Amino acid sequence: MTPSELSRMLANDAERVARNLLPNGKKASGEWKIGNVEGDAGQSLSVELSGEHAGRWKDFATGEGGDLIDLFMAVNRVTLPEAIQQAKQYLGVKDDRDRVRTTKPKQSFKRPERPASVIKPKPASPVREYLHGRGLTDATLDAFRVAEDGRFIVFPFLRDNELVFLKWLGLDRENGKKKIRASAESEPCLFGWQAIPANARSVTITEGEIDAMSASQSGYPALSVPFGGGAGEKQRWIEYEYDRLQRFDVIYLAMDNDEAGNEGTQEIIKRLGRERCMIVRLPSKDWNECLQASIPDDVIADCYANAESLDPDKLVGVDAYADDLHRLLDNPMETSGLGLPWDKAEHLIRLRGSETTIWTGWNGHGKSQLLGFIAVSSLIKERVPFCIASMEMKPGINLLRMVRQAAGIGTPSHGYADAILDAMRGNLWIYDQLDNADIVEMLSAFKYAAKRYGVKHFIVDSLAKLGIGEEDYDGQKKAINALTNFAHELDVHVHLVAHPRKGMDEDRPPNKMDVRGGASLTDMADNVITVWRNKPKEREAEKMEKDPDMETKHQDEGDVRLIVSKQRGGTAWEGTIALWFDRASFQYMGRESHKPQPMVAYNNRQEAAA
């Protein structure tokens, strides 16, 4: 939640907040009166208790004032991030990150050591003169703690005065290309935290360190991305800065006005949220060009005042979708999205972003188990991030099954299990909830995981654990609507496990009409898939143990059938995929001749070391 959102919540109960922070005050004429933020007697400080200005306060003796978040800061002598946490505790607001669990930290980083050759720029040194030539003042260089290393500018990336990352930029270029290097194995970090004012509620994000310094020097607190424009890995800093950026109500994006800058802007918007990201269209390519060109302050102010809101327009011309059309022509839906882990299914059905799949099947037929196999195969082999909300099974038991599936054996050693966890790390997240879950709370955590960690697939196991009655058709409709809206908004895939109505005969697989609940479940889903164990084959195999020479009918059939009864996109194929099941490893094979295979390489030398 942003400071303004928290402030509005506090303002709904302004009197109680004022009494809590300043207990020695008195209520008079609809205001809370006291001498100052230290709590001394008097009436110099007033807090509005109701009306459109509820929560606003001002100390007429000192000129201090603001909203109730500012009052937390002033009374408790804390920073803005600390005040936000105090306000959340007061309101009982729980951070989404507390609902998302993974096995271990995704990656360990090294704090860089500052080489002895890295020093403060000397007077009239090439580095200082170069930066002066870019319009930057000594005060700005000091505020950002810029250093030099020979003919290299050194940018220190700090958080809370601790060095996190170092970056070198050469004054000289080779064949017209910049000479850039960075500290090894350092955590991705935004540049400029050391110069952000303690009470800043908005920030500008730029594509380069010199641009951030230029914006800051012009009165606009700014941070720079560490790896320039572009999408994907270029913006991996978001995972590590996501929480710290919660302190800002507005994030202005002033990336370079070129293809890479536009890609970076779209990636940041997607991850940090369109509700508070605004695109600033500067009159020059970047902030430093504006500074060097001495663009008037009022022109820059107009650029910020007219920053583009990213609220979606509902009525759009066809030209807006031209790029999507050409992407689909080059990458048809038949080949987009995540394929199933069997070669024969590659072009039959794929699990695409912005879609929802209903998985159903009789109790005990392995629908959750098979879905877990698809997840572990995809996240290890394809590096596709998954988040699993398995309210019917403890996370440890679910993880044990997935480790066995990844190992291809029933009893992997502890060393092998650790190696598999290493392969899963950063791509498998657990929503830590057993028994009934609140769908609003769950989707809030899902959004956090999608934005911060880039999770692409979410498993909800099951509909019955979302606190919705079996006959509550309206509740079920609202639930599937919320899940599909989430999938569309974040361009992710949602897998929903839904049980069928209880049937008399497990010998036939249930179809989409058998899914428990209203027809809206399968009507609104993009895909409906049934998992069915071949019970007749199992019974026949038991009889063969007593009579090996008996005539058989089912032994050439698969152990499990994966039945696609609805597929809205792609090829729209519907049909059956036969699979063979290994009971020891819980792996599913596409052919009878196939054997379980390890997904993570592990040898005797690694075992001995473990």
Side-chain angles (χ1 to χ4, degrees), residues 73 78-85 105-122 125 127-128 130-131 134 136-150 152-170 180-228 234-248 251-252 254-255 268 272 287-288 452:
M73 292 175 63
V78 295
T79 64
L80 178 57
E82 291 169 329
I84 290 171
Q85 289 305 313
K106 182 177 179 181
Q107 186 175 347
S108 58
F109 297 101
K110 293 180 180 178
R111 293 294 192 219
E113 294 185 5
R114 185 181 179 122
S117 58
V118 174
I119 60 174
K120 183 177 180 178
K122 296 177 181 178
S125 72
V127 164
R128 189 179 290 274
Y130 172 81
L131 294 172
R134 299 289 292 267
L136 298 174
T137 65
D138 287 335
T140 298
L141 303 188
D142 289 342
F144 283 84
R145 304 187 194 179
V146 176
E148 66 181 17
D149 189 353
F152 279 84
I153 309 168
V154 181
F155 300 108
F157 289 61
L158 298 106
R159 290 201 204 108
D160 302 322
N161 292 318
E162 183 179 1
L163 185 60
V164 176
F165 184 83
L166 273 175
K167 184 174 178 180
W168 285 258
L169 173 63
I180 299 174
R181 59 188 177 93
S183 52
E185 300 180 58
S186 295
E187 181 178 337
C189 174
L190 289 168
F191 171 75
W193 284 112
Q194 57 269 35
I196 296 293
N199 61 349
R201 296 282 189 94
S202 65
V203 71
T204 297
I205 292 182
T206 71
E207 193 173 321
E209 296 80 11
I210 292 176
D211 291 323
M213 292 191 289
S214 301
S216 179
Q217 184 172 298
S218 302
Y220 297 87
L223 300 165
S224 170
V225 300
F227 308 117
K234 287 280 191 175
Q235 310 308 330
R236 66 180 183 271
W237 57 268
I238 293 174
E239 176 177 345
Y240 305 98
E241 296 285 31
Y242 190 91
D243 289 336
R244 291 178 66 86
L245 290 170
Q246 295 304 301
R247 60 175 284 189
F248 299 114
I251 298 174
Y252 293 103
M255 305 285 280
I268 294 169
L272 295 185
W287 244 111
N288 187 247
R452 178 165 186 177

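Note that the coordinates shown come from a computational prediction; the quantities given were computed from them, not determined experimentally. By convention here, the first residue in the shown sequence is residue 1.
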Item checked: Polar contact flag, side-chain donor to acceptor under 3.5 angstrom, Glu239-Trp237 -> no
Note to self: Rounded at 0.5 Å granularity, tell me how far OG in Ser224 sits from CH2 in Trp287.
What the structure shows: 14.0 Å
Item checked: Backbone N/O of Leu190 and side chain of Arg159: donor-acceptor pair under 3.5 Å -> no
Note to self: Are Val118 and Phe152 packed together at the side-chain level, in the sense that at least one heavy-atom pair is separated by less than 4.5 angstrom?
What the structure shows: no
Check: Can you name the nearest heavy-atom pair linking Ala212 to Ala222, along with the distance?
Finding: O-CB, 3.5 Å
Note to self: Is any side-chain heavy atom of Glu148 closer than 4.5 Å to one of Ile153?
What the structure shows: no
Notebook entry, point to check: Can Asp142 and Lys120 be said to form a side-chain contact (heavy atoms from CB on, under 4.5 Å), step by step?
Noted result: CA-CA 9 Å; Asp142 289 342; Lys120 183 177 180 178; 3.5 Å; yes
Checklist line | Gap separating the OH atom of Tyr130 from the CG atom of Leu169, nearest 0.5 angstrom | finding: 6.5 Å
Checklist line | Over all atoms of both residues, closest heavy-atom pair of Leu80 and Ala198 | finding: CB-O, 3.3 Å
Check: Do any N or O atoms from the side chain of Glu207 and from the backbone of Phe227 form a donor-acceptor pair under 3.5 angstrom?
Finding: no
Checklist line | Distance-minimising heavy-atom pair for Gly228 and Gln235 | finding: O-NE2, 3.1 Å
Notebook entry, point to check: Do the side chain of Gln85 and the main chain of Pro81 share a donor and acceptor less than 3.5 angstrom apart?
Noted result: no
Next item on the list: Answer whether the closest heavy-atom distance between the side chains of Phe248 and Pro221 falls below 4.5 Å.
Entry: no
Item checked: Separation between OG1 of Thr140 and CZ of Arg134, rounded to the nearest 0.5 Å -> 13.5 Å
Notebook entry, point to check: Looking at CD1 of Ile238 and CG of Leu272, how far apart are the two atoms once the value is rounded to the nearest 0.5 Å?
Noted result: 5.0 Å
Check: Is there a side-chain contact (heavy atoms from CB on, under 4.5 Å) between Met73 and Glu82 once you walk through the steps?
Finding: CA-CA 8 Å; Met73 292 175 63; Glu82 291 169 329; over 6 Å; no
Note to self: Tell me the closest heavy-atom pair linking Pro197 and Arg247, and the distance in Å.
What the structure shows: O-NH2, 3.1 Å
Check: How many angstroms lie between CZ in Arg452 and OH in Tyr240, if you round to the nearest 0.5 Å?
Finding: 8.5 Å
Checklist line | Side-chain heavy-atom pair Leu131, Pro121 within 4.5 angstrom cut-off | finding: no
Checklist line | Polar side-chain atom of Arg128 near backbone of Lys122 as donor-acceptor pair, under 3.5 Å | finding: yes
Checklist line | Distance-minimising heavy-atom pair for Ser214 and Asn288 | finding: OG-ND2, 2.9 Å
Next item on the list: Check whether any side-chain heavy atom of Trp193 sits under 4.5 Å from a side-chain heavy atom of Arg244, and report yes or no.
Entry: yes
Check: Is the gap between the ring centers of Phe109 and Phe165 under 6.0 Å?
Finding: no
Notebook entry, point to check: With no hydrogens and no angle check, is any side-chain donor or acceptor of Glu241 less than 3.5 Å from a backbone partner on Cys189?
Noted result: no
Check: Do you know the tightest heavy-atom contact between Glu209 and Val225?
Finding: OE2-O, 4.1 Å
Next item on the list: Ignoring hydrogens and angles, tell me if any N or O in the side chain of Gln217 forms a donor-acceptor pair with the backbone of Leu136 under 3.5 Å.
Entry: no
Margin query: For the CG atom of Asn161 and the CZ atom of Arg145, what is their distance to the nearest 0.5 Å?
Written below: 4.5 Å
